Amino acid sequence: APAEVAIKLLPLLEKHGIKMGPEVHAPLNPNSPPVMAYREAYAKVNSPLLGFVPDFGCCAFDLPATYIENLRRQELPEHLIQLALEVWHLPKDAGWKRQEFARRVEPLKADAADVSALSVMFNILSPGQAEMWKEIIPQVIHVHGKFYDFDADGNETSIDYGKILPVFHDGGYTGFISSEWEGHLYMRGVDAFDMVAKHQALARRITAQHTGAAAQFEILDQRHAVAVGENIAMRILHDAGRLRRGFFRPLMTTGGTFPVVGMAEDVLKRAGRAGRIGHGLKGRRKKGERGTIHFSFRPNLPGSAWPCP
């Protein structure tokens, strides 16, 4: 939607205390014309409720090796893959890259389907520098921590978190960063929760290295976990603040289990001391009912950079 829509919604945002903003996602960046239109509109109204949601896929230094391997599994011609990678690294926008790639492959009489499949890479990730976020950090309302894969040392293989997170920390961002694993689009046989754990471990490590102190947050403490089935889980969530069932639907698996990781401490309080509830419900689980719901404490201690969800 154009920036004017957000401006017209501002009275409603003020009434309900809601923050809103577009996602800055590859192939765009903070200085792309559509984003600049929002920045200019925001400057006129100067409201703290209007902001941006950066996606780290805008500042990649390479495409994931696992993504390239997937292209080869599709039996796309190697010379076309290499040509597309060469164009991807050029400092141009996605539209220019698609046209340039098409221009370069035209003399090769390449199959149109192959050209189309390879052109997708110009949209999912974009080359960029971490410093490009500095100008809009005061207006950032949430962050999508995009990631794909990790090397043996636990580093993301295409996005330099070691440069990005310090920029947000030093810029004063104290909000949340979502762990957004996009490798599920082409990686098979990989545990998504394991990938999220690696991502959050990376964030903790970089935070500690940058601030010179141990990270001041916990992702999940198994001692505070409550193992329940789906129907009991929904009762707890209802008591915890009358949260809608649909809000958690994306986290449910086909096996009927109900893993929810990262519930805030205030939810635990509203639930009436989750440990006591968990004990009280333990004997009421139906035969064959299984699943887990994980409540985690997120202490907001001084010096903590990001109380990651």
Side-chain angles (χ1 to χ4, degrees), residues 23-29 54-98 100-102 104-105 108 110-111 113-133 143-168 177-207 209 308:
E23 179 182 18
V24 183
H25 189 288
L28 301 179
N29 63 59
D55 182 287
F56 289 165
C58 297
C59 46
F61 61 85
D62 205 352
L63 286 162
T66 48
Y67 174 75
I68 306 305
E69 291 169 5
N70 181 61
L71 297 177
R72 294 189 176 111
R73 284 197 299 270
Q74 298 178 47
E75 299 183 350
L76 294 171
E78 184 65 27
H79 69 286
L80 293 183
I81 293 176
Q82 294 304 319
L83 185 57
L85 292 175
E86 182 180 329
V87 174
W88 184 87
H89 281 92
L90 296 175
K92 300 288 185 177
D93 63 55
W96 183 93
K97 290 179 181 180
R98 286 192 295 270
E100 177 64 11
F101 180 56
R104 294 190 184 191
V105 300
L108 305 178
D111 186 287
D114 292 344
V115 175
S116 177
L118 289 168
S119 296
V120 172
M121 70 171 64
F122 304 132
N123 283 26
I124 60 172
L125 286 171
S126 296
Q129 302 299 318
E131 289 75 17
M132 70 181 185
W133 298 112
V143 172
H144 290 176
K146 178 68 62 61
F147 67 100
Y148 288 82
D149 204 0
F150 301 92
D151 61 21
D153 296 322
N155 296 312
E156 218 289 334
T157 59
S158 56
I159 301 172
D160 194 343
Y161 274 78
K163 293 181 179 179
I164 298 173
L165 294 187
V167 167
F168 277 78
I177 298 178
S178 297
S179 290
E180 185 176 335
W181 180 51
E182 204 161 83
H184 73 280
L185 295 174
Y186 58 86
M187 296 173 70
R188 299 294 180 266
V190 178
D191 188 326
F193 286 96
D194 180 58
M195 298 299 285
V196 169
K198 290 181 179 180
H199 178 252
Q200 296 182 350
L202 174 64
R204 291 199 301 272
R205 172 164 57 84
I206 292 173
T207 300
Q209 292 172 346
C308 291

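Only a predicted model underlies this, so the values are computations on that prediction, with no experimental measurement involved.
Counting all heavy atoms, side chain and backbone alike, Ala203 lies closest to Leu165 at CA-CD1, 3.8 Å. Ser179 approaches Gln200 most closely through the heavy-atom pair OG-NE2, 3.2 Å. In terms of heavy-atom proximity, His199 sits nearest to Ser178 at CE1-O, 4.3 Å. Ala26 and Ile124 get closest at one heavy-atom pair: CB-O, 3.8 Å. Contact record, Lys97 with Lys92: CE-O, 3.0 Å, taken as the closest heavy-atom pair. Here the closest non-hydrogen pair linking Asp153 and Arg205 is O-NH2, 3.5 Å.
Under a cut-off of 6.0 angstrom, the local environment of CD in Gln129 is sparse, with at most 12 non-hydrogen atoms contributed by other residues, nucleotides or ligands.
The structure places NZ of Lys163 at 12.0 Å from CD1 of Ile206, a figure rounded to the nearest 0.5 Å. Separation of atoms CD1 (Ile81) and CG (Leu83) is listed at 11.0 Å; rounding is to 0.5 Å. Atoms NZ and CD1, on Lys146 and Ile164 in that order, are 11.5 Å from each other to the nearest 0.5 Å. Separating the CG atom in Asp160 from the CG atom in Asp62 is a distance of 12.0 Å, to the nearest 0.5 Å. Expressed to the nearest 0.5 Å, how far CG of Leu71 lies from CD of Glu78 amounts to 9.5 Å. Here Asn70 contributes atom CG and Leu185 contributes atom CG; the two are 9.5 Å apart, rounded to the nearest 0.5 Å.
Of the possible donor and acceptor atoms, none in the side chain of Trp88 sits under 3.5 Å from a partner among the backbone N and O of Leu63. A side-chain donor-acceptor contact under 3.5 Å links Asp55 to the backbone of Gly57. Here the side chain of Glu156 pairs a donor or acceptor atom with the backbone of Asp149 at under 3.5 angstrom.
The aromatic rings of Tyr148 and Tyr186 sit parallel, their planes meeting at an angle under 30°, below the 60° perpendicular limit.
Within the 4.5 Å cutoff, the side chain of Phe147 has heavy atoms near those of the Met195 side chain. When side chains are defined from C-beta on, Ser119 counts as touching Phe101, because their heavy atoms get closer than 4.5 Å. A heavy-atom distance below 4.5 Å is found between the side chains of Val120 and Tyr67.
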Check step by step if side-chain contact (heavy atoms from CB on, under 4.5 Å) holds for Gln82 and Glu86. CA-CA 6 Å; Gln82 294 304 319; Glu86 182 180 329; over 6 Å; no

Verdict with reasoning, Leu125 to Ile159, per side-chain contact (heavy atoms from CB on, under 4.5 Å): CA-CA 9 Å; Leu125 286 171; Ile159 301 172; 4.2 Å; yes

